[in-house]
Number of protein chains: 2
Amino acid sequence: MEGPRKALPSTEELRIWRDFIETTEALRSELASRLQSESSLSPGDYAVLLALREAEGRRLRPSVLASRIGWQRSRLSHHLRRMERRGLVRRAECAADSRGAEVVLTGEGAEAFRRASLPHLRAVRELFVDPLGPAQLIAAEQLATTLRAGGGNHQAEAL
Amino acid sequence: MEGPRKALPSTEELRIWRDFIETTEALRSELASRLQSESSLSPGDYAVLLALREAEGRRLRPSVLASRIGWQRSRLSHHLRRMERRGLVRRAECAADSRGAEVVLTGEGAEAFRRASLPHLRAVRELFVDPLGPAQLIAAEQLATTLRAGGGNHQAEAL
DNA sequence: CCGATCTAATTGATGCGTCAACTAAAGGGG
DNA sequence: CCCCTTTAGTTGACGCATCAATTAGATCGG
C-alpha cells in the first residue's frame with residue numbers, strides 16, 4: 001500500500017496543465033471584463049441578481065441565496081453591503097425569524113440584470129460555445145465531470 | 001453581413017458552460033488552498049518564486065519578471081511589497097538603470113519554494129493529470145488551444 | 001546642454017474573498 | 001422558565017487585483 005507511487009508530472013503533462021489552467025483563467029477574466037464594461041456588473045453581482053430574479057417574490061433569505069450560488073455567508077454579506085450601496089438590492093426584515101433578513105431585488109437591480117443578460121450570454125456563445133463546436137463541447141462536459149469526481153475518489157484508479 | 005446571427009446559447013450549452021467554468025474554478029481553488037496550507041504560499045508567491053528560481057543570478061528586473069509571469073507592473077509591485085515583508089524576496093538597486101530596481105530571491109524564499117514545490121506538483125498530478133488519463137489530457141490540451149484561439153478570430157467560423 | 005517625451009516603478013483608492021470572531025435570536029431539554 | 005447549544009447574519013482584519021495618478025530617471029531631437 002506504499003512505495004514510490006505518485007511520481008511527479010512530466011514536463012509535457014505540466015505544460016498541458018499550465019496551458020489549460022491559464023486559458024480557463026483568461027476566459028473567465030475576459031468574460032468578467034466584458035460584463036463590467038457593458039453593464040458595470042461583476043460576475044458576483046450577476047450571480048446574485050440571477051438568483052434573485054429566479055426566486056419566488058424576487059427575494060431570498062441570505063442563507064438560501066448563499067447556498068444557491070455556492071458562497072459562504074460571510075462573502076455574501078460583504079457583497080450585499082456593496083450591492084445595497086449601489087441600489088441593486090435591499091435588505092428587509094424577516095417576518096418568520098427575527099434574527100434573519102431578506103434580500104430583495106430592487107427595480108434598479110432587475111433593470112441592471114436585464115441590460116447585462118443578453119450581451120453576457122452572447123459573449124459565452126462567442127468565446128466558448130462557438131469556438132468549441134459540438135464535439136469539443138461534449139469533451140468539455142466530460143472533462144468537467146472527470147475533474148469534479150477526481151478530487152474525491154483518490155482510490156478510484158488504484159490497480 | 002448582418003441578420004439574426006449569434007443566437008443565444010441553448011439551455012444545454014449554458015449548463016455545460018457553467019459546469020465547466022465552475023469545475024475549473026474549484027480546481028484552481030483546491031490547488032491554492034493546498035499550497036497555502038502546506039507551505040504558506042499563495043499561487044502568486046509561487047509564480048514569483050519560480051520565475052526568480054529560474055532566472056540568471058536569481059534576480060530580475062521587475063518589468064522583466066512581470067512580463068515573464070504575465071502580470072501588470074502594478075500588481076507585481078504590490079505583491080513584492082508583501083513578499084518582501086515576509087522575507088521571501090528583497091529589492092536591490094539596479095546598477096544599469098538608476099530608476100530601476102532588481103528583485104532578488106532570498107535564501108528564505110528559495111527554501112520556501114523548495115518546500116512547496118514537490119507537494120504542489122504532486123497535487124497537480126493527483127487532481128488533474130491522474131484523473132484525466134492520457135486521452136482526456138490530450139482533449140484538455142486541444143480545448144485550451146481552441147479556446148485560446150477563439151477570442152481573436154471572430155470570423156474564423158463564418159460561413 | 002535643454003526641454004519634450006517615454007519608460008520604470010510605486011502609490012492610493014477601491015472592490016473582491018477568506019478567515020476568525022462576534023451578536024443575537026431560535027430551539028430544546030431539564 | 002432557564003440554560004445550553006445551534007443557527008442567522010454581520011463585522012474586522014488582511015491578502016489579492018485593477019485602475020488611475022504620480023515620481024523620477026532615461027533618452028532623443030535640436
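The model shown is predicted, which means the values in this text are computed figures rather than measured ones. Letters A, B, ... are given to chains in the order of the sequence lines, protein chains preceding strands, and every chain is numbered from 1.
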Who passes side chain to side chain donor-acceptor pair (under 3.5 Å) against [X], sequence neighbours left out?
X: B/Thr23; result: A/Arg148
X: A/Arg75; result: none
X: A/His78; result: A/Arg81
X: B/Arg73; result: none

For this session: Kindly say if A/Gln72 contacts the phosphate of C/dC19, meaning a side-chain N or O under 4.0 Å from OP1 or OP2.
Result: yes
Exercise. Between B/Arg73 and C/dA9, does any side-chain N or O lie under 4.0 Å from OP1 or OP2?
Worked result: no
Exercise. When the nearest nucleotide of DNA chain C is assigned to B/Ala101 and to A/His79 on a heavy-atom basis, which residue is associated with the more 5' position?
Worked result: B/Ala101
For this session: Hey, which sits more toward the 5' end of DNA chain C by its nearest nucleotide, B/Gly100 or A/Gln36?
Result: B/Gly100
Rounding to a whole Å, what distance do you find between [X]:[atom1] and [N]:[atom2]?
X: B/Arg82; N: C/dT11; atom1: CZ; atom2: P; answer: 13 Å
X: B/Leu76; N: C/dA8; atom1: CG; atom2: C1'; answer: 12 Å
X: A/Arg85; N: C/dC16; atom1: CZ; atom2: C1'; answer: 12 Å
X: A/Arg81; N: C/dG17; atom1: CZ; atom2: P; answer: 13 Å
X: B/Arg28; N: C/dC16; atom1: CZ; atom2: C1'; answer: 15 Å
X: A/Leu80; N: C/dC16; atom1: CG; atom2: P; answer: 11 Å
X: B/Glu84; N: C/dA9; atom1: CD; atom2: P; answer: 14 Å
X: A/Met83; N: C/dC16; atom1: CE; atom2: C1'; answer: 13 Å

For this session: Evaluate side chain to side chain contact (heavy atoms under 4.5 Å, CB included) for A/Arg34 paired with A/Glu126, printing each intermediate quantity in order.
Result: CA-CA 12 Å; A/Arg34 291 192 186 199; A/Glu126 177 188 340; 3.3 Å; yes
Just by distance, do the side chain of [X] and the backbone of [Y] share a donor-acceptor pair under 3.5 Å?
X: A/Asp45; Y: A/Ser42; value: yes
X: B/Arg91; Y: B/Val104; value: no
X: B/Ser117; Y: B/Arg114; value: no
X: A/Gln136; Y: A/Gly133; value: no

Exercise. Applying ring-ring contact (aromatic ring centres under 6.0 Å, His included), which residue pairs with at least one partner in residues 80-104 of chain A are found, sequence neighbours left out?
Worked result: none
For this session: Using the ring-ring contact (aromatic ring centres under 6.0 Å, His included) rule, collect all pairs that involve residues 82-112 of chain A, keeping only residues at least two apart or in two chains.
Result: none
Under 3.5 Å, which protein N or O atoms sit close to an N or O of nucleotides 20-25 of chain C? Give each pair with its distance.
unit_1	atom_1	unit_2	atom_2	d
C/dA25	O3'	A/Ser98	OG	3.0

Exercise. Of all residues at least two apart in sequence or in a different chain, which pass the side chain to side chain contact (heavy atoms under 4.5 Å, CB included) check with A/Glu108?
Worked result: A/Thr106
Problem set entry | DNA chain D contacts made by residues 107-114 of chain A, counting heavy atoms under 4.0 Å | none
Exercise. Tell me, which of residues 44-64 of chain A have any heavy atom that sits under 4.0 Å from an atom in DNA chain D?
Worked result: A/Arg61, A/Pro62, A/Ser63
For this session: Tell me which of A/Ser29 and A/His78 sits closer to the 5' end of DNA chain D, going by the nucleotide each one is nearest to.
Result: A/His78
Problem set entry | Opening and closing nucleotides of DNA chain D in contact with chain A, under 4.0 Å to non-hydrogen atoms | D/dT7 to D/dA13
For this session: Flag the pair A/Glu141 and B/Arg15 as a salt bridge only when some basic side-chain nitrogen lies within less than 4.0 angstrom of an acidic carboxylate oxygen.
Result: yes
Seminar exercise, completed: Taken in chain and number order and not counting sequence neighbours, the residues that satisfy ring pair (Phe, Tyr, Trp, His ring centres under 6.0 Å) with A/Tyr46 are A/Phe113, A/His120
For this session: Scan A/Arg86 against the nucleic acid and name what it touches under 4.0 Å (heavy atoms): base, sugar-phosphate only, or nothing.
Result: nothing
